Amino acid sequence: MRWPSWDSASVPRPERLVLVVGTGTEVGKTWVACALARALRAAGVEVAARKPAQSFDPADPGPTDAELLAVATGEKAGEVCRPELTYPVPMAPPMAAAALGRPAPTMAELVGGLADGPAWGDGLGVGIVEAAGGVRSPLADDGDSVDLARAIRPDLVVLVADAGLGTIHAVRSAAPALADWPLAVVLNRYDAGSDLHRRNRAWLAERDRLPVYTDVAAVLGDLLARDSR
């Protein structure tokens, strides 16, 4: 199947585009995306974030992912994630839409909505797109985060994983699907004092030869060092 593609001639594209994905749910994708946005702004880089679709537990009093990203970038939550693509059901977006009796989003709708909002205009230094769930979790009725990557052609994919038990399996399961793009594996909640965390990092970096990071500052340095498209 041919997925909708990002036509840079008709849709504004940032100088650098970063896609943040995760090995699963609750691994810290939003925390990493927000930290990256804050670090970019502190470095004087204009940045905007987009959450193509989001779902959440309405019983949770905390802010949504879009609200957190909006604070980090200085945008409005409705610009980060369109209200019609926000679902108050803790399921993958197309499943949440079905549970609410609403039309499930398509990949074309998600891609088409990324350039919404005044911040996503010409001259934007870095655009951060945060997916939902794991790499192969349904993001739209007809696609997942890998399909989103095929559509928007990111300059860098940041794969967020937990640093503890199950990390090696989770990263090894997700990374091959992202082999077409430059990859940065971020071990979130990494504790240098943990023998397990250190061994997980070493295994992935030395045996699997993956670019593994434990802090956003290092990812930022590599991102800014890349030639813009």
Side-chain angles (χ1 to χ4, degrees), residues 4 6-8 10-22 25-58 60-88 90 93 96-97 105-133 139-140 145 148-149 151-160 184 186 188 216-217 219-220 223-224 226 228-229:
W6 188 302
D7 182 359
S8 58
S10 60
V11 177
R13 181 187 177 90
E15 293 178 11
R16 295 175 179 85
L17 187 62
V18 179
L19 176 61
V20 180
V21 299
T25 302
E26 303 296 333
V27 295
K29 293 187 301 297
T30 304
W31 188 92
V32 169
C34 289
L36 182 58
R38 289 192 295 267
L40 286 164
R41 294 182 74 190
V45 179
E46 186 178 358
V47 60
R50 293 293 179 268
K51 182 89 174 179
Q54 68 174 353
S55 54
F56 64 96
D57 186 349
D60 185 346
T64 65
D65 291 350
E67 290 169 339
L68 290 170
L69 289 165
V71 171
T73 61
E75 300 174 272
K76 297 178 180 178
E79 294 170 354
V80 174
C81 184
R82 292 155 56 188
E84 66 270 24
L85 296 173
T86 294
Y87 307 97
T106 65
M107 189 59 64
E109 289 176 305
L110 300 189
V111 173
L114 290 181
D116 287 351
W120 203 275
D122 294 332
L124 176 63
V126 176
I128 298 173
V129 178
E130 186 202 337
L139 186 60
S145 295
L148 178 63
I152 67 176
R153 306 189 308 276
D155 298 290
L156 179 68
V157 175
V158 175
L159 174 62
V160 182
V186 174
N188 193 29
V216 172
V219 178
L220 175 63
L223 173 62
L224 295 182
R226 295 178 183 276
S228 59
R229 291 193 174 189

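As the structure is a computational prediction, the values presented were derived from the model and not from experiment.
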Check: CD1 of Ile152 to CG of Leu19: how many Å apart, nearest 0.5 Å?
Finding: 5.0 Å
Margin query: Minimum heavy-atom separation for Leu220 and Ala39, please, with both atom names.
Written below: CD2-CB, 3.6 Å
Notebook entry, point to check: Nearest heavy-atom pair of Val21 and Ser145: which atoms, and what distance?
Noted result: CG1-CB, 4.0 Å
Next item on the list: List in chain and number order the residues that pass side chain to side chain contact (heavy atoms under 4.5 Å, CB included) with Ala70, two or more places apart in sequence or in another chain; answer none if no residue qualifies.
Entry: Ala77, Val80
Checklist line | Distance in Å, Arg82 CZ paired with Glu109 CD, rounded so as to fall on 0.5 Å steps | finding: 7.0 Å
Next item on the list: Enumerate the residue pairs fulfilling salt bridge (Lys or Arg N to Asp or Glu O under 4.0 Å) with a member in residues 25-41, sequence neighbours excluded, ordered by first and then second residue.
Entry: none
Check: What pairs with Leu68 under side chain to side chain contact (heavy atoms under 4.5 Å, CB included), at least two apart in sequence or on another chain?
Finding: Thr30, Cys34, Pro63
Item checked: Shortest non-hydrogen contact between Trp120 and Pro14, atoms and distance -> CZ2-CG, 3.6 Å
Notebook entry, point to check: How many angstroms lie between atom OG1 of Thr64 and atom CD of Gln54, to the nearest 0.5 angstrom?
Noted result: 4.0 Å
Checklist line | Sequence-distant partners of Ala140, side chain to side chain contact (heavy atoms under 4.5 Å, CB included), two or more places apart | finding: Met107, Leu110, Asp142
Next item on the list: Looking only at non-hydrogen atoms, find the nearest pair between Leu139 and Leu148 and report the distance.
Entry: CD2-CD2, 3.7 Å
Notebook entry, point to check: Once you round to the nearest 0.5 Å, how far does SG of Cys81 lie from CG of Leu114?
Noted result: 10.0 Å
Note to self: According to side-chain hydrogen bond (donor to acceptor under 3.5 Å, both in side chains), who are the partners of Glu75, at least two apart in sequence or on a separate chain?
What the structure shows: Arg50, Thr73
Note to self: So which atom in Ala149 and which in Pro154 form the shortest heavy-atom distance, rounded to 0.1 Å?
What the structure shows: O-CD, 3.3 Å
Item checked: Partner set under side-chain hydrogen bond (donor to acceptor under 3.5 Å, both in side chains) for Thr25, not counting sequence neighbours -> none
